[in-house]
Amino acid sequence: MVNRIFESIQPNFFRILSNASKFEYAECLALLYESLSESNEYTMLRHDAVLILQNYFEQIRLKSDETLVQTSRDRANNYLREMKETGWVEEDIGANYQQMLSLSETAVQFLIFIDTLKYDTELKYSSQIYAIYRSFKPFDLEKGELVLEEAYKNTVSFFDSLRRLNTSIKKYIQKIFDESITNDLSELFQLLTGEYQLKIVDAAYYHLLTKDNPSQYTFTITDSIERILSDYDAMHEMSLRNAVDNESYERNYQDLQLKLTYMLEKFLNIQTLIHEINKKNQAFVTSAIGRIYFLMNESTDITGSINELIKNMALYPDFEVEGLLSDVSILDDASLASPRKRTLKESSYIEEMDETQRDISGIQDKLVELSKYSKQQVDRIVLELLKGKQWIHVKEYDTLDVTMVTLIFLYGYAYDASYTIEQTPDTYINQEGKVLGNYIIRRRPV
């Protein structure tokens with residue numbers, strides 16, 4: 001395959017994206033692509049293309065206040081000439097002898113690929129697996145070879161997406177141990193609840209393992225493929241449709257067999273890949289929480305760390321934190337209500353801010369508010385909420401503020417808590433207008 005790359009792509013195709021002006025070339029290509037996205041073909045008057053790039057260079061000049069010997073129009077023409085030499089654009093003469101410019105087929109495919117990278121989300125996973133499922137339920141034999149071709153392309157794309165998700169999680173595991181993050185509690189928490197939650201969990205992982213789990217589609221897909229493979233008449237009809245002789249018939253038949261077999265093997269083994277993705281996700285969360293746990297316990301000055309963590313958690317109320325405080329041995333029942341004393345720390349990665357850096361009144365108010373909620377007090381509040389019930393949804397009590405919702409969640413994983421926490425996928429809006437993750441509070445058996 002590598003040897004055939006330059007049969008389709010000019011050897012200097014990426015030259016404009018590797019020189020000193022690569023960012024300008026990238027923006028110019030994007031402008032041309034966007035201008036043609038609504039047209040019936042990727043072609044426009046060359047004069048219009050020059051005006052688009054000329055306007056772009058005029059804006060650059062105004063923003064940077066740069067002085068150039070070359071005019072914006074000359075610059076636009078030079079960029080188009082370079083794009084033509086490297087195979088990004090092509091020129092020809094139109095019906096009215098007008099000079100036309102079009103994006104090359106390679107350029108269109110590349111720009112479409114780059115554009116789709118922005119949308120590699122749960123919508124893509126969902127649409128791919130559902131499209132494959134719908135191809136076989138019911139299977140339209142009259143257009144069977146076309147349906148199978150589309151299902152095959154979606155299968156290749158779907159499993160490529162899963163492999164990239166698998167690789168992405170592995171990169172996040174490695175990122176935990178980057179020098180700039182590994183000893184910074186705030187950065188670790190931001191990575192875990194911000195970037196990872198947004199790009200991995202929300203974008204793909206959660207939906208992949210819940211409502212769009214491939215397991216609910218796999219049986220229908222594999223059963224249909226097996227029936228088609230074993231149905232000689234159906235295979236014969238589809239292979240014969242576009243055949244002109246025996247050789248092309250045999251080629252069509254083998255092509256259908258290969259594609260159906262590929263799809264069958266992929267879906268029969270999909271749970272192995274899903275299991276591997278799940279293991280990597282668990283490894284990432286465990287590693288991140290383990291590192292946070294270490295930083296919180298690396299000195300006896302735990303109170304400040306807990307408060308910093310709670311303030312961070314208030315920004316990310318949906319974060320799953322199971323086990324985080326289950327074995328913090330130096331945290332007693334009234335830790336947050338204990339008088340604050342200056343402690344001599346042997347070593348700590350947590351930087352203390354100088355008094356001049358603090359918003360004194362705001363910080364003091366926040367700490368006084370937090371100090372009302374020791375573990376014992378939170379336990380009493382939860383038991384009052386439960387009353388005679390065995391379990392409740394926290395969303396039923398939308399008057400609870402973010403801090404209390406977070407603390408109830410946090411202390412629910414302590415080893416001697418009087419209740420347990422069960423997470424749910426839904427969210428709710430409390431009376432402060434905050435979107436919070438719902439969870440179940442269940443009375444712990446005596």
Side-chain angles (χ1 to χ4, degrees), residues 1 109 112-113 116-170 199-243 248-282 425:
M1 178 179 178
Q109 293 297 322
I112 289 174
F113 167 72
T116 56
L117 286 179
K118 298 182 294 184
Y119 304 103
D120 196 10
T121 63
E122 78 278 0
L123 180 61
K124 180 176 180 180
Y125 288 89
S126 302
S127 62
Q128 286 174 334
I129 186 67
Y130 187 72
I132 298 166
Y133 166 77
R134 290 300 304 169
S135 297
F136 295 101
K137 191 179 184 306
F139 181 68
D140 184 2
L141 183 58
E142 291 185 3
K143 299 178 180 177
E145 67 279 10
L146 299 177
V147 173
L148 290 180
E149 179 66 25
E150 188 65 24
Y152 172 75
K153 289 179 180 178
N154 281 326
T155 300
V156 171
S157 180
F158 178 64
F159 279 89
D160 179 62
S161 298
L162 292 183
R163 285 195 296 271
R164 284 189 282 116
L165 175 62
N166 199 15
T167 303
S168 296
I169 297 175
K170 182 179 178 180
K199 294 185 177 180
I200 300 296
V201 178
D202 293 346
Y205 181 76
Y206 171 75
H207 290 274
L208 187 65
L209 296 186
T210 53
K211 67 177 184 179
D212 292 319
N213 194 314
S215 61
Q216 65 181 305
Y217 304 109
T218 300
F219 177 77
T220 298
I221 294 171
T222 56
D223 182 62
S224 298
I225 292 174
E226 288 174 338
R227 282 191 288 104
I228 294 170
L229 277 169
S230 62
D231 189 341
Y232 173 78
D233 291 337
M235 294 288 289
H236 173 73
E237 181 180 334
M238 289 186 291
S239 302
L240 189 62
R241 197 122 52 204
N242 295 317
S248 60
Y249 169 82
E250 289 294 333
R251 188 167 55 249
N252 291 346
Y253 198 99
Q254 290 178 4
D255 185 57
L256 287 174
Q257 274 189 323
L258 287 172
K259 288 175 178 177
L260 285 165
T261 302
Y262 171 87
M263 289 188 283
L264 181 61
E265 289 177 352
K266 284 296 183 182
F267 281 102
L268 285 175
N269 295 298
I270 191 171
Q271 286 308 317
T272 301
L273 180 54
I274 296 296
H275 179 66
E276 188 175 331
I277 292 171
N278 195 33
K279 280 180 63 179
K280 279 191 173 65
N281 176 69
Q282 291 175 355

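Below, all heavy atoms of this structure are taken into account, side chains as well, without hydrogens, waters or symmetry copies.
Between the Ser157 side chain and the Lys153 main chain, no donor and acceptor come within less than 3.5 Å of each other. At least one donor-acceptor pair closer than 3.5 Å links the side chain of Arg134 to the backbone N or O of Lys137.
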Could you give me the CA-CA distance, side-chain angles and deciding distance for Arg251 and Asp255, then say whether salt bridge (charged side-chain N to carboxylate O under 4.0 Å, His left out) is met? CA-CA 6 Å; Arg251 188 167 55 249; Asp255 185 57; over 6 Å; no
Determine whether Asp160 and Arg163 satisfy the following criterion, side-chain contact (heavy atoms from CB on, under 4.5 Å), listing intermediate values before the conclusion. CA-CA 5 Å; Asp160 179 62; Arg163 285 195 296 271; 3.8 Å; yes
Residue pair Asn252, Glu145: steps toward the side chain to side chain donor-acceptor pair (under 3.5 Å) verdict: CA-CA 9 Å; Asn252 291 346; Glu145 67 279 10; over 6 Å; no
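To the nearest 0.5 Å, atom CG of residue Asp140 and atom CG of residue Leu146 are 9.0 Å apart. Here CD1 of Ile129 is found 7.5 Å from OG1 of Thr155. Values are rounded to the nearest 0.5 Å. Summarising the geometry, atom CD1 belonging to Ile225 is positioned 4.0 Å from atom CZ belonging to Phe136; distances are rounded to the nearest 0.5 Å. In this structure, OG on Ser135 lies 6.5 Å from CG on Asn154, to the nearest 0.5 angstrom. Going from atom NZ of Lys143 over to atom CD of Glu149 covers 15.5 Å, rounded to the nearest 0.5 Å. Distance check: Phe158 CZ to Ile132 CD1 gives 6.5 Å after rounding to the nearest 0.5 Å.
Remark: Phe219 pairs with no residue by the ring-ring contact (aromatic ring centres under 6.0 Å, His included) rule, at least two apart or across chains.
The minimum heavy-atom distance linking Lys280 with Lys170 is given by the pair CE-CB, 3.9 Å. The two residues Met263 and Leu148 come nearest to each other via the heavy atoms CE-O, 4.2 Å. The two atoms that bring Ser239 and Leu256 nearest to each other are OG-CD1, 3.5 Å, heavy atoms only.
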Just distance, no hydrogens or angles: give the donor-acceptor pairs under 3.5 Å from side chains in residues 266-273, sequence neighbours left out.
residue	atom	partner	partner atom	Å
Asn269	ND2	Glu265	O	2.8

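The aromatic rings of Tyr232 and His236 sit parallel, their planes meeting at an angle under 30°, below the 60° perpendicular limit. Under the 30°/60° scheme for interplanar angles, the aromatic rings of Tyr253 and Tyr249 are found to be tilted.
Using a 4.5 Å heavy-atom threshold, the side chains of Met235 and Asp231 count as separate.
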